[in-house]
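To start, the structure under review is shown below, and the notes come after it.
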Amino acid sequence: RLHEGTPWVPPLIYERKDQPDWLFGAQVSDDGRYLVISVARNTEPKNLVLYRDLAKKHADATNETLIGEWDASYQFLGNTKGTFYFLTDKDAPRRRIVAIDTKHVEKAHWKEVVPQAADTLQNASIVNHSFIAEYMQDAHSAVRLFDMKGKATGTIALPGLGSVADFSGRTADTETFYTYSSYTAPPTVFRQDLKTNTSSVFRAPKVAIDSSLYETRQVFYSSKDGTR
């Protein structure tokens, strides 16, 4: 208990005095149970991951190493109790989603949830207890849905050949919002109802142009060596 006028000193969670150039990022899991710490040593896309059980008292809690080698990029997506999900390029240059059980963190126990595909998996999020996966397909975005076991459950239809970003939301949410843009459409925010899998415009800029007068087409040609 603090007396009036006594300054509150926040508890120290993690530091590396021996590595002054390292960078840290931290986020709390949606269920509020875990603090996940990402550690980078420079601008290369490789990082370490630690976690802390917030259910324990500060004096009893420790930072546990989940990923302790500089071998790949690991982006924390969310968790189901003690199982953490990561988007990673470990053994997958076009990236995949893996599940790591905090009781068995060795790589031999990792489970592949969404395997590497022919298209590059650029980003992913967990909303409505499902993975929303953003792929780069032939120079435009394609969005695919998977359940928490990795089973494909459908796609999110986009307005056209363009780019999407920011499928944000919490694990239990039944809606998400994303930004779509293309050569003929300015950045527009859409609301995606994940129960009905339908999109509607949420916010759109007012521009002095009739975009219906223009179209975007994608055409493929083969080079001299046959590459499309």
Side-chain angles (χ1 to χ4, degrees), residues 1-3 5-116 120-127 129 131-134 136 148 150 165-173:
R1 179 178 297 180
L2 296 177
H3 297 287
T6 302
W8 177 71
V9 179
L12 177 64
I13 300 298
Y14 183 69
E15 68 175 345
R16 287 297 300 266
K17 291 183 177 180
D18 60 324
Q19 299 292 346
D21 296 330
W22 285 11
L23 305 172
F24 309 108
Q27 67 183 105
V28 177
S29 58
D30 275 1
D31 60 7
R33 177 65 184 270
Y34 299 100
L35 176 71
V36 181
I37 303 171
S38 177
V39 183
R41 59 183 175 182
N42 48 41
T43 58
E44 68 175 345
K46 296 180 180 180
N47 61 294
L48 309 180
V49 178
L50 301 90
Y51 72 95
R52 187 182 186 91
D53 189 343
L54 299 179
K56 297 180 180 179
K57 294 181 180 180
H58 175 67
D60 300 327
T62 57
N63 298 318
E64 305 292 340
T65 299
L66 192 66
I67 298 166
E69 298 179 10
W70 304 99
D71 59 2
S73 169
Y74 299 91
Q75 177 185 336
F76 176 68
L77 302 179
N79 68 300
T80 301
K81 296 183 179 180
T83 298
F84 290 8
Y85 301 97
F86 289 91
L87 173 63
T88 181
D89 58 3
K90 174 63 176 173
D91 300 326
R94 293 186 300 279
R95 306 218 280 183
R96 59 180 179 148
I97 297 174
V98 298
I100 303 176
D101 187 340
T102 54
K103 294 181 180 179
H104 305 283
V105 301
E106 300 81 7
K107 287 184 173 64
H109 295 287
W110 292 10
K111 293 183 179 180
E112 184 175 75
V113 182
V114 177
Q116 177 177 242
T120 298
L121 177 53
Q122 294 188 305
N123 201 5
S125 56
I126 299 177
V127 188
H129 301 286
F131 293 105
I132 302 177
E134 304 168 36
M136 177 60 71
M148 297 304 291
D166 305 325
F167 281 92
S168 58
R170 298 176 68 87
T171 302
D173 289 347

Subject >> Pairing residues for R94 by the salt bridge (Lys or Arg N to Asp or Glu O under 4.0 Å) criterion, not counting sequence neighbours >> reply: none
**OP:** Could you pull out all residues at least two apart from D89 that satisfy side chain to side chain donor-acceptor pair (under 3.5 Å)?
**Re:** none
**OP:** For residues S73 and P45, report the shortest heavy-atom separation together with the two atoms involved.
**Re:** CB-O, 3.1 Å
**OP:** Please name all residues satisfying side chain to side chain donor-acceptor pair (under 3.5 Å) with Q27, sequence neighbours left out, ordered by chain then number.
**Re:** none
**OP:** State the OH-CD1 distance between Y74 and I100, to the nearest 0.5 angstrom.
**Re:** 7.0 Å
Original post:
Between A26 and L35, which heavy-atom pair has the shortest distance, and what is it?
Top reply: CB-CD1, 3.9 Å
**OP:** With sequence neighbours left out, write down each residue that passes ring-ring contact (aromatic ring centres under 6.0 Å, His included) with H129, or none if nothing qualifies.
**Re:** none
Subject >> Side-chain heavy atoms of Q116 within contact of L121, under 4.5 Å >> reply: no
Subject >> Partner residues of E69 under the salt bridge (Lys or Arg N to Asp or Glu O under 4.0 Å) criterion, sequence neighbours left out >> reply: K107
Original post:
Should F131 and I126 count as side-chain neighbours, where that means a heavy-atom distance under 4.5 Å?
Top reply: yes
**OP:** Kindly write out the residues that satisfy salt bridge (Lys or Arg N to Asp or Glu O under 4.0 Å) with E112, not counting sequence neighbours, or none if the list is empty.
**Re:** R96
Original post:
Side-chain contact, heavy-atom cut-off 4.5 Å: L48 with T65?
Top reply: no
Original post:
Can you find a heavy atom in the side chain of N123 that is under 4.5 Å from one in the side chain of Q75?
Top reply: yes
Original post:
Is there a donor-acceptor pair under 3.5 Å between the side chain of D173 and the backbone N or O of R170?
Top reply: yes
Under 3.5 Å, which donor-acceptor pairs link side chains of residues 80-87 to any protein atom two or more places apart or in another chain?
| residue | atom | partner | partner atom | Å |
| --- | --- | --- | --- | --- |
| T80 | OG1 | Y85 | OH | 3.3 |

Original post:
Looking at V39 and W70, what are the two nearest heavy atoms and their distance?
Top reply: O-CZ3, 3.4 Å
Original post:
Judged by atom type as modelled, is there a donor-acceptor pair below 3.5 Å linking the side chain of W110 to the main-chain atoms of A99?
Top reply: no
Original post:
Could you state the interatomic distance from CG (L77) to CD1 (I97), rounded to the nearest 0.5 Å?
Top reply: 5.5 Å
**OP:** Using the test salt bridge (Lys or Arg N to Asp or Glu O under 4.0 Å), find all partners of D18 that sit at least two apart in sequence or belong to another chain.
**Re:** R16
Subject >> Contact summary for E134 and F167, nearest pair of heavy atoms >> reply: OE2-CD1, 3.3 Å
**OP:** List for me each residue that meets side chain to side chain donor-acceptor pair (under 3.5 Å) alongside D21, sequence neighbours excluded, and say none if there are none.
**Re:** none
**OP:** Identify the two heavy atoms, one from N79 and one from F76, that lie closest to each other, and give their separation to 0.1 Å.
**Re:** N-CZ, 4.2 Å
**OP:** Output all residues satisfying side chain to side chain donor-acceptor pair (under 3.5 Å) with W22, sequence neighbours left out; order by chain, then residue number.
**Re:** Q19
Original post:
How many angstroms lie between CG in L66 and CG in D101, if you round to the nearest 0.5 Å?
Top reply: 9.5 Å
Original post:
What pair of heavy atoms forms the shortest contact from T88 to A72, and how long is it?
Top reply: OG1-CB, 4.1 Å
Original post:
side chain to side chain donor-acceptor pair (under 3.5 Å): which pairs involve residues 41-54, sequence neighbours left out?
Top reply: R33-D53, S38-N47, R41-E44, R52-H58, R52-N63
